[in-house]
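See below for the structure under consideration.
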Amino acid sequence: MPDFFKDVREVVALIPKGRVSTYGAIARFLGASKSSRVVGWVLNKSVNVDQVPAHRVVNRYGFLSGKQHFQTVSYMEELLTKEGVIIKNDMVLNFNDLFWDPSIELRW
DNA sequence: ACACTGACCACTG
DNA sequence: CCAGTGGCCAGTG
């Protein structure tokens with residue numbers, strides 16, 4: 001298993017319940033060599049991995065761009081709603097407040 | 001080896 | 001303030 005798989009999953013696993021992060025934020029945190037596309041791709045391959053809360057990762061506008069890749073198209077929204085995140089028209093409400101940026105939150 | 005495809009994003013005009 | 005564009009990089013055919 002390539003390292004970046006582990007890296008991405010590690011960061012995603014750190015996103016607190018009820019918060020969301022973005023592909024770009026994770027990519028930047030992992031280093032300039034990583035692209036946000038690759039982050040999305042890793043999550044795509046991680047759908048079946050329970051330990052990775054892929055539903056907490058959205059694009060920079062708070063849009064649920066990955067919902068189509070879950071078991072059902074409403075599953076991502078269900079999970080987030082269950083955690084207290086309100087979704088309206090596939091968008092995270094109050095996204096700015098819920099946004100969790102690893103390069104800020106994980107700064108030692 | 002080559003071209004194309006993404007759960008993306010920053011920059012430009 | 002937009003829409004367009006180009007870079008990003010791993011996988012797939």
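Throughout, a chain's letter reflects where its sequence line sits, starting with A, and its residues are numbered from 1.
If you find the closest nucleotide of DNA chain B to A/V58 and to A/V38, the one lying nearer the 5' end belongs to A/V38.
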For nucleotides 10-13 of chain B, list the nitrogen or oxygen atoms of the protein found under 3.5 Å from its nitrogen or oxygen atoms, one pair per line.
{"unit_1": "B/dA10", "atom_1": "OP1", "unit_2": "A/R28", "atom_2": "NH1", "d": "3.0"}

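The closest donor-acceptor contact from the side chain of A/S21 to the backbone of A/W100 lies under 3.5 Å. With hydrogens and angles disregarded, a donor-acceptor distance shorter than 3.5 Å links the side chain of A/R19 to the backbone of A/L98. At distances below 3.5 Å, at least one donor-acceptor pair connects side-chain atoms of A/N59 with backbone N or O atoms of A/Y61.
Spacing between B/dA7 and C/dA3 at atom P, rounded to whole Å, works out to 23 Å. The same atom, P, is picked in C/dG6 and in B/dC4; the two are 15 Å apart, to the nearest Å.
If you check B/dC9, C/dC8, C/dG11 against the side chain of A/W41, the one that comes closest is C/dG11. Listed candidates were C/dG11, B/dA7, C/dC8. Nearest to the side chain of A/S35 is C/dC8. In this structure, of B/dA7, C/dT12, C/dC8, it is B/dA7 that holds the atom nearest to the side chain of A/Y23.
As rounded to whole Å, 14 Å separates atom P of B/dA7 from atom CG of A/L64. Atom-to-atom, CD1 of A/I26 to P of C/dC9 comes out at 17 Å; the value is rounded to the nearest Å. We find that NZ of A/K6 is positioned 17 Å from C1' of C/dA10, with the value rounded to whole Å. The interatomic distance linking A/L43 (CG) with C/dG11 (P) rounds to 14 Å, in whole Å. In this structure, the CG atom of A/D101 is 12 Å from the P atom of B/dC9, given to the nearest Å.
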Problem - Watson-Crick or G-U pairs under 3.5 Å in DNA chain C, rendered as dot-bracket with [ ] for crossing pairs and | for another strand - result: .||||||.|||||
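Sorted by first and then second residue, the salt bridge (Lys or Arg N to Asp or Glu O under 4.0 Å) pairs involving residues 86-103 of chain A (not counting sequence neighbours) are A/K67-A/D90.
For the segment residues 65-79 of chain A, residues with any heavy atom less than 4.0 angstrom from an atom of DNA chain B are, sorted by number, A/S65, A/G66, A/H69, A/F70.
Within the 4.0 Å cut-off from OP1 or OP2 of B/dA7, not a single side-chain nitrogen or oxygen of A/N59 is found.
Residues meeting the salt bridge (charged side-chain N to carboxylate O under 4.0 Å, His left out) test with A/E10, sequence neighbours left out: none.
A tilted orientation is assigned to the rings of A/Y75 and A/F70, their planes being inclined by 30° to 60°.
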Under 3.5 Å donor-acceptor pairs involving side-chain atoms of residues 76-85 of chain A, not counting sequence neighbours:
{"unit_1": "A/E78", "atom_1": "OE2", "unit_2": "A/S74", "atom_2": "OG", "d": "3.3"}
{"unit_1": "A/T81", "atom_1": "OG1", "unit_2": "A/E77", "atom_2": "O", "d": "2.7"}
{"unit_1": "A/E83", "atom_1": "OE1", "unit_2": "A/G18", "atom_2": "N", "d": "3.4"}
{"unit_1": "A/E83", "atom_1": "OE1", "unit_2": "A/R56", "atom_2": "NE", "d": "3.0"}
{"unit_1": "A/E83", "atom_1": "OE2", "unit_2": "A/H55", "atom_2": "NE2", "d": "3.0"}
{"unit_1": "A/E83", "atom_1": "OE2", "unit_2": "A/R56", "atom_2": "NE", "d": "3.3"}
{"unit_1": "A/E83", "atom_1": "OE2", "unit_2": "A/R56", "atom_2": "NH2", "d": "2.8"}

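No single ILVMFWY cluster, assembled from side-chain heavy atoms under 4.5 Å apart, contains both A/Y23 and A/V20. The hydrophobic clustering, which links ILVMFWY residues whose side-chain heavy atoms are closer than 4.5 Å, places A/L30 and A/L14 together. A/V73 and A/M91 are not part of a single hydrophobic cluster, where members link through side-chain heavy atoms under 4.5 Å apart.
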Exercise for the section: Determine, stepwise, if the pair A/I86 / A/N94 fulfils side-chain contact (heavy atoms from CB on, under 4.5 Å). Expected result: CA-CA 8 Å; A/I86 310 301; A/N94 217 10; over 6 Å; no
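Taking the six-membered ring wherever Trp is involved, the centroid distance between the rings of A/F5 and A/W41 falls below 6.0 Å.
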